[in-house]
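A short write-up of the structure that comes next.
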Amino acid sequence: MNLFSEIRALVIAQIEAMVAEGALPSGLDLSNVAVEPPRDPAHGDMATNAAMVLAKPAGQQPRPLAEALAARLAADGRIAEAGVAGPGFLNLRLKPGVWQGLVGAVLAAGTDYGRSTLGAGKRVNVEFVSANPTGPMHVAHARGAVVGDALAALLAFAGWDVTREYYINDGGAQVDVLARSAYERYREAHGLEPEIREGLYPGDYLIPVGEALKAKYGPSLLDKGEEVWLAEVRDFATDLMMAVIREDLAALGVRMDVYSSEKALYGTGKIEAAINALRDKGLIYEGVLEPPKGKTPDDWEPREQTLFRSTAFGDDVDRPVKKSDGSWTYFAPDIAYHYDKVTRGFDELINIFGADHSGYVKRLKAVVSALSENRVTLDIKLIQLVKLLKGGEIVKMSKRAGTFVTLRDLIDEVGADVVRFVMLTRKNDMALDFDFDKVLEQSKDNPVFYVQYANARINSVLRKAREAGIAMDDATLAAADMGLLSHPAEIAMIQKIAEWPRLVEIAAKGNEAHRVAFYLYELASELHGLWNRGNDEPSLRFIQDEKATTQAKIALARAVGVVIASGLAILGVTPVEEMR
RNA sequence: GGCCCCGUAGCUCAGGGGAUAGAGCGACCGCCUCCUAAGCGGUAGGUCACAGGUUCGAAUCCUGUCGGGGCCGCCA
């Protein structure tokens with residue numbers, strides 16, 4: 001049902017036939033042969049670069065080659081016209097029936113239309129959010145959460161076997177800070193004055209944690225040294241924080257398949273096993289690193305550490321896995337965690353990180369390459385920061401001052417659907433302005449509204465037709481006489497629908513969910529355009545006097561609605577039936 | 001100093017080997033007795049930061065330069 005891949009298959013088949021006949025040499029690489037929508041519709045419905053790509057390896061001129069291929073393609077029942085243009089482009093025009101036939105096929109497939117087998121069932125792990133369990137999620141996490149969740153949905157739609165995973169950083173010093181902060185709130189719960197010292201987490205969200213500690217332990221931890229309570233309070237507090245984070249994720253419509261714990265890696269030999277796996281490959285050694293060039297820390301002194309030879313896999317310097325005192329660095333459990341992912345049998349790993357982690361990309365890729373012997377790929381998507389705007393002013397946020405805007409605040413103010421869509425209106429590596437005023441605006445300037453409005457219009461016209469007593473179920477619509485959709489504007493609408501499976505594959509190949517959002521905007525734009533042409537040309541209105549014509553036209557509208565629903569499902573956004 | 005990301009219309013951004021580079025906003029001109037005008041059509045606006053290179057073909061790939069941001073020993 002992907003018309004572009006169907007026509008590409010036709011082109012490939014004809015090339016192979018030419019090879020069989022000796023018109024082309026054998027052994028040609030056909031992977032670069034593409035069938036695409038042309039930039040200018042005047043060039044036709046589809047264009048292929050086949051002749052230009054093959055001319056040189058075949059030792060032929062592109063234009064004659066294109067002519068020969070065109071003659072063969074023109075014989076196919078789906079092709080109305082095949083012409084050669086420019087340096088050797090092969091422009092194809094499809095018979096209207098091919099386009100018209102798509103409408104019924106979309107309605108028959110429903111939201112499975114566009115589903116792809118591109119992923120071929122390969123197992124992919126998408127690790128995202130992975131916020132420290134030290135507090136509720138805030139806006140910076142929200143973008144990563146949405147991007148990861150939408151990407152996971154996209155890959156599943158495109159044929160991958162997807163696991164969504166959250167890595168809980170519960171093993172480092174920051175959870176000790178959490179414990180100390182919570183302990184002060186515990187003292188506060190007992191009527192004592194909390195001492196929120198510099199470096200502790202000042203947020204109010206720890207007050208209930210203090211109350212809960214009091215409820216569990218009573219006064220038994222008061223006036224005791226840290227060695228008595230730290231471990232217990234830490235576990236207690238991180239569990240509560242993870243519960244908060246899970247609720248935040250649920251409110252955003254994000255579900256995880258697996259929560260992995262950093263702490264669980266310690267004391268189980270998993271870190272040692274991962275390091276040993278590297279050691280067996282000769283990639284671990286004792287050595288001294290050069291100071292970083294141009295910026296030598298004041299207290300820098302050369303010390304011998306246990307190092308991972310990540311430079312063998314494209315990193316800039318080798319990375320310490322053990323500190324000079326013999327304890328693990330933060331990197332060590334990361335190695336173990338990625339070793340774990342590799343041994344769990346994933347074919348591909350994707351990590352969604354904040355852009356401030358860009359320095360870790362190379363070393364993690366090195367780890368995965370080394371531990372999987374290049375079997376497993378790791379793609380790391382860096383999420384640029386989100387700037388919040390309100391009334392034209394930048395909302396200042398400071399973690400230290402406890403003035404950050406939480407994800408919950410965002411959702412309460414604009415709703416999860418808006419948060420999700422807006423977070424996908426930029427490429428992941430571009431900074432994003434989240435303008436509170438704009439995202440709620442009901443205008444075409446607001447893509448969320450614009451797409452939802454298109455869907456509402458489609459539903460409106462369905463409702464109207466139904467009220468007029470015309471059968472509007474998908475099965476009836478799918479059987480409508482699509483030959484009645486002959487106007488160029490209608491064909492153009494169908495052609496936009498035809499791009500959906502192709503868009504899914506392009507987006508999945510690049511791990512770029514934002515493309516879905518942009519596509520939906522274009523699709524909505526096409527629909528609004530068609531709708532308004534009904535003002536000047538009544539024959540283009542969806543509801544006509546004649547029942548068969550009405551059913552065909554509404555079948556087209558409904559097909560657009562199906563694709564909108566499908567795309568919004570990937571983004572995790574609920575389609576609205578009616579604007580209010 | 002090194003590494004990563006970014007530089008495309010006045011503004012915000014898509015496009016990331018293919019033909020005459022797109023969209024929204026802003027500006028200007030039009031379109032509601034008719035399914036939601038919360039919308040649509042049109043006009044104006046570009047040395048795709050710059051310079052080399054690869055290629056039949058470069059905004060796209062490579063190298064370098066300039067500008068903006070981020071990261072940079074044992075912290076997480």
Side-chain angles (χ1 to χ4, degrees), chain A residues 32 34 36 38-40 42-43 47 49 52-53 55-56 61-62 85-89 91 132 134 169 171-175 177 262 288-297 299-303 305-306 315-317 319-331 354-362 380 382 384-385 425-433 435 438 441-447 449-450 452-454 456-458 460-465 468 510 514-515 517-518 521-522 525 527-536 538 541-544 550 553-554 557 578-579:
Chain A
N32 286 329
E36 303 169 321
R39 197 181 297 247
D40 185 346
H43 292 135
N49 59 357
M52 289 182 293
V53 172
K56 195 166 187 183
Q61 293 296 315
F89 280 101
N91 292 327
N132 289 339
T134 55
N169 286 115
Q174 78 282 2
V175 283
V177 174
E262 177 191 355
V288 177
L289 287 176
E290 296 286 310
K293 282 174 187 160
K295 187 208 151 210
T296 307
D299 58 348
W300 201 92
E301 43 187 286
R303 284 184 185 161
Q305 312 164 66
T306 305
D315 200 359
D316 308 306
V317 289
R319 304 293 178 177
V321 299
K322 263 187 187 177
K323 306 177 197 174
S324 50
D325 68 3
S327 64
W328 298 118
T329 63
Y330 172 79
F331 186 38
D356 54 343
H357 285 63
S358 63
Y360 295 89
V361 171
K362 285 188 178 184
I380 298 181
L382 296 175
Q384 270 296 348
L385 76 190
T425 54
R426 280 293 106 94
K427 252 189 322 198
N428 59 284
D429 49 17
M430 295 285 280
L432 170 79
D433 289 349
D435 188 327
K438 199 144 263 180
E441 198 173 287
Q442 304 207 327
S443 77
K444 68 187 299 192
D445 192 22
N446 175 7
F449 166 78
Y450 190 72
Q452 294 282 28
Y453 183 38
R457 277 183 149 174
I458 292 164
S460 160
V461 82
L462 269 161
R463 246 186 342 262
K464 279 270 180 350
H514 73 276
R515 286 178 186 265
F518 281 95
Y521 187 89
E522 290 168 17
S525 177
L527 189 275
H528 289 307
L530 180 60
W531 181 285
N532 267 75
R533 287 190 68 160
N535 288 335
D536 300 328
R541 293 178 198 166
F542 291 96
I543 296 174
Q544 299 287 323
T550 303
K553 288 178 186 299
I554 294 190
E578 207 173 345
M579 306 307 300

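Since we're looking at a predicted model, the values are computed, not measured. Just so we're on the same page: letters track the sequence lines, and every chain starts at 1.
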RNA chain B nearest-nucleotide lookup for Asp325(A) and Glu578(A): closer to the 5′ end is Glu578(A)

Assign C31(B) to syn or anti; the rule is syn for a glycosidic angle within 90° of 0 and anti otherwise.
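What C31(B) shows is an anti base, its glycosidic angle lying more than 90° from 0.
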
Is [X] touching bases, backbone alone, or none of the nucleic acid, heavy atoms closer than 4.0 Å?
X         : result
Leu289(A) : sugar-phosphate
Phe449(A) : base
Val361(A) : nothing

Paired with Lys444(A), the side-chain contact (heavy atoms from CB on, under 4.5 Å) test is passed by just one of Phe449(A), Tyr453(A), Tyr450(A), namely Tyr450(A)

Using modelled atom types only, decide if a donor and an acceptor are shared between the side chain of [X] and the backbone of [Y] within a distance under 3.5 Å.
X         : Y         : answer
Gln544(A) : Lys553(A) : no
Asn49(A)  : Ala34(A)  : yes
Ser324(A) : Arg303(A) : no

Asn532(A) atom CG is separated from A37(B) atom P, nearest whole Å, by 7 Å

| Could a donor-acceptor pair under 3.5 angstrom be found where the side chain of Ser324(A) meets the base of C74(B)? |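 A donor-acceptor contact between them is present.
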
Residues passing the side chain to side chain donor-acceptor pair (under 3.5 Å) test with Glu36(A), sequence neighbours excluded, are none

Counting primed atoms, P, OP1 and OP2 as sugar-phosphate and everything else as base, the B/S/- map of nucleotides 12-20 of chain B against protein heavy atoms under 4.0 Å is SSSSB-BB-

Dot-bracket assigned to RNA chain B with the 3.5 Å Watson-Crick/G-U criterion, [ ] for crossing and | for other-strand pairs, is (((((((..((((....[...)))).(((((.......))))).....(((((..]....))))))))))))....

